Amino acid sequence: MFSIYILTYNEEIDIAACIESAMLSDDIIVVDSYSSDRTIEIAQRYPVRIVQHEFESHGRQRTWMLKELPTKHEWVYILEADERMTPQLFNECLQAIESQEFIAYYVAERVIFLGSWIRRSTQYPRYQMRLFRKDKVWFTDYGHTEREVCDDPAGFLQETYPHYTCSKGLSRWIDKHNRYSTDEAAETLHQLHKGSVNLRDLFFGNTEVDRRRALKDLSLRLPFRPLLRFIYMYFLLGGILDGPSGFAWCTLQAFYEYLILLKVWELQNIPPTDGTNQPKPPTNASVEEATVSSSP
C-alpha cells in the first residue's frame with residue numbers, strides 16, 4: 001500500500017471527487033494552504049487527515065510535507081485537487097512498489113479542458129513524478145511550479161491520471177495563470193542570466209522529461225515566443241486535431257507566453273513595489289496547524 005497526499009487551496013469544487021478517487025488508499029493526508037472557502041469543511045466529511053501549512057511555493061510545500069508529515073507507508077503519491085486517481089493507475093502503482101526496481105515513478109497526465117481531452121497539443125504523454133519513496137525525493141522551485149530532486153533511477157508507469165485544468169471555470173484559470181506568469185517571468189530572467197540549454201538532452205535525452213525540459217530552456221531564448229508557441233502546439237504537435245477546445249487551449253497558452261514576456265519587460269524596466277500579505281483566516285479547531293518552518 002502507499003499513502004496519498006492531496007494538495008489544496010480553495011478547492012471546494014474539486015476536493016470531494018478528488019478524495020473519493022483516492023479512497024483506495026488507507027492513508028490520505030490533505031495538505032491545505034489555509035483555504036478561505038469550504039475546502040476544509042468538505043474534507044472533514046471523509047476519513048482523512050487534514051493539515052494546514054502556509055504556502056510559500058510549490059517546491060517548498062512539497063518538501064516540507066515530505067519531511068514533516070509522517071505517513072503510514074514508505075511509498076507516497078502526490079495528488080492535486082483537480083486531478084483524480086483511477087483504479088487502473090492505483091493497481092499499477094501497487095505493482096510498481098512491489099517490484100522494487102525503482103525508487104520513484106513518473107505518471108502521465110491527461111489534460112481535460114473545456115470538457116475535452118487535449119491529447120495532442122499538451123505533448124501527451126507528459127510525465128510528472130508522482131509515486132516515490134518519501135525518503136528519496138524532494139523538490140525545488142522552477143518558475144511557477146516545481147522540479148523533483150531524485151538521485152536514483154526512476155521508472156515510468158503506463159496508466160495515466162485525468163487533470164481537470166478548467167474545472168473551476170475560465171475566470172479561475174486565467175487568474176491562476178496570471179499569477180503563474182509572474183513566477184515564470186522571474187525564472188526566465190534567472191535562466192537567461194545563469195542558465196543554459198542542454199543540447200544533448202534536447203536531441204538525445206533519455207526520457208520525455210529530459211527532452212521537454214531542455215526544449216523549455218531553449219524556448220526562453222527564442223524570439224517571437226508567443227507566436228512560435230502557438231505554431232508549435234497547434235500545427236506541429238497537432239492541436240488542430242483537438243477540435244475547438246484544442247484551439248482555445250493553444251490560443252490561451254500563446255497568451256500566457258505573451259504575458260510572461262510583458263512581465264519580463266516590466267521587471268527589467270519598472271521598479272518593483274512592495275506588496276502586503278493577506279491576513280490568514282482562522283483555522284478550524286479540528287484541523288492540524290503546522291508550526292514547523294517550511295524552508296526545505
Side-chain angles (χ1 to χ4, degrees), residues 4-11 14-15 18 29-37 39-40 50-69 71 76-83 104 106 109 126-130 132 134-151 163 165 168 172-195 209 212-213 216-217 220 256-257 259-260 263-264 266-267 272-281 283 287-296:
I4 296 180
Y5 290 109
I6 300 178
L7 293 157
T8 64
Y9 177 69
N10 288 348
E11 299 289 354
D14 284 311
I15 186 60
C18 181
I29 306 101
V30 174
V31 183
D32 182 72
S33 301
Y34 291 103
S35 292
S36 58
D37 65 357
T39 298
I40 297 300
I50 303 169
V51 178
Q52 289 189 303
H53 182 258
E54 186 139 18
F55 182 85
E56 291 187 42
S57 67
H58 290 282
R60 290 187 177 189
Q61 189 80 334
R62 284 162 170 76
T63 295
W64 175 84
M65 72 183 187
L66 291 171
K67 287 185 175 182
E68 303 298 338
L69 298 183
T71 55
V76 298
Y77 186 100
I78 294 181
L79 191 65
E80 297 193 8
D82 58 357
E83 302 167 352
Y106 289 95
E109 65 176 347
R126 180 177 178 179
Y127 290 92
Q128 310 285 340
M129 182 169 286
R130 291 307 175 93
F132 50 87
K134 71 188 298 281
D135 61 335
K136 294 293 186 179
V137 175
W138 65 96
F139 292 86
T140 59
D141 294 316
Y142 187 96
H144 79 272
T145 183
E146 76 288 335
R147 286 188 176 178
E148 70 281 351
V149 179
C150 178
D151 297 329
H163 182 189
T165 60
K168 302 169 190 66
R172 178 79 176 262
W173 190 97
I174 292 170
D175 288 344
K176 179 171 65 175
H177 283 76
N178 180 41
R179 297 194 307 272
Y180 287 174
S181 64
T182 300
D183 295 332
E184 288 293 334
E187 185 65 39
T188 296
L189 286 177
H190 174 76
Q191 291 297 323
L192 291 177
H193 286 100
K194 297 184 179 181
V209 176
R212 170 165 48 87
R213 290 177 175 174
K216 178 168 184 176
D217 291 339
L220 299 179
Y256 174 53
E257 200 73 43
L259 199 56
I260 295 172
K263 292 187 178 183
V264 168
E266 185 179 52
L267 288 172
T273 57
D274 293 333
T276 57
N277 293 325
Q278 295 296 321
K280 182 170 61 179
T283 60
V287 177
E288 296 180 40
E289 182 175 357
T291 58
V292 185
S293 169
S294 64
S295 298

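Nothing here was measured: the structure is a model prediction, and the numbers come from that model.
Looking at residues two or more places apart in sequence or on another chain, you find a side-chain contact (heavy atoms from CB on, under 4.5 Å) between Thr140 and Arg147, Val149. The side-chain contact (heavy atoms from CB on, under 4.5 Å) check on Ile174 picks up nothing, with sequence neighbours excluded. In this view, Lys134 satisfies the side chain to side chain donor-acceptor pair (under 3.5 Å) rule with no residue, not counting sequence neighbours. Take Tyr127 and apply the ring pair (Phe, Tyr, Trp, His ring centres under 6.0 Å) test, not counting sequence neighbours, and it matches Phe156. For Arg213, the salt bridge (charged side-chain N to carboxylate O under 4.0 Å, His left out) test picks out Glu148, with sequence neighbours left out. Every side-chain contact (heavy atoms from CB on, under 4.5 Å) that His163 has, sequence neighbours left out, goes to Asp82, Glu83, Glu109, Tyr161, Thr165. Applying the side-chain contact (heavy atoms from CB on, under 4.5 Å) test to Phe55 and every residue at least two apart in sequence or in another chain returns Ser33, His58, Gln61. Partners of Asp183 by side chain to side chain donor-acceptor pair (under 3.5 Å), not counting sequence neighbours: none found. Considering only residues two or more places apart in sequence or on other chains, Asp175 meets the side chain to side chain donor-acceptor pair (under 3.5 Å) condition with none of them. The salt bridge (charged side-chain N to carboxylate O under 4.0 Å, His left out) check on Lys176 picks up nothing, with sequence neighbours excluded. Not counting sequence neighbours, Glu187 has no partner by the salt bridge (charged side-chain N to carboxylate O under 4.0 Å, His left out) test. Among residues two or more places apart in sequence or in another chain, the side chain to side chain donor-acceptor pair (under 3.5 Å) test is passed with Thr182 by Lys263.
A salt bridge links Arg62 to Glu80: one of the charged nitrogens lies within less than 4.0 Å of a carboxylate oxygen.
Using a 4.5 Å heavy-atom cutoff, the side chains of Arg212 and Arg126 are in contact.
Taking every heavy atom of both residues into account, Tyr34 and Tyr9 meet most closely at O-CE1, 3.5 Å. Here the closest heavy-atom approach between residue Cys18 and residue Ala81 is recorded as CB-O, 3.4 Å. Taking all atoms of both residues into account, the shortest heavy-atom contact from Tyr5 to Leu69 is OH-O, 3.2 Å. Between Val137 and Ala104, the shortest heavy-atom contact is CG2-CB, 4.2 Å.
Checked against Val264 for a side-chain contact (heavy atoms from CB on, under 4.5 Å), the options Thr188, Leu220, Leu259 give a single hit: Thr188.
Distance alone, capped at 3.5 Å, places no donor-acceptor pair between the His190 side chain and the Ala186 backbone. In terms of modelled atom types and a separation under 3.5 Å, the side chain of Arg130 and the main chain of Tyr77 share no donor-acceptor contact. A donor-acceptor contact shorter than 3.5 Å is absent between the side chain of Ser181 and the backbone of Tyr256. Side-chain atoms of Glu11 never come within 3.5 Å of backbone atoms of Thr39 as a donor-acceptor pair (strictly under, hydrogens ignored).
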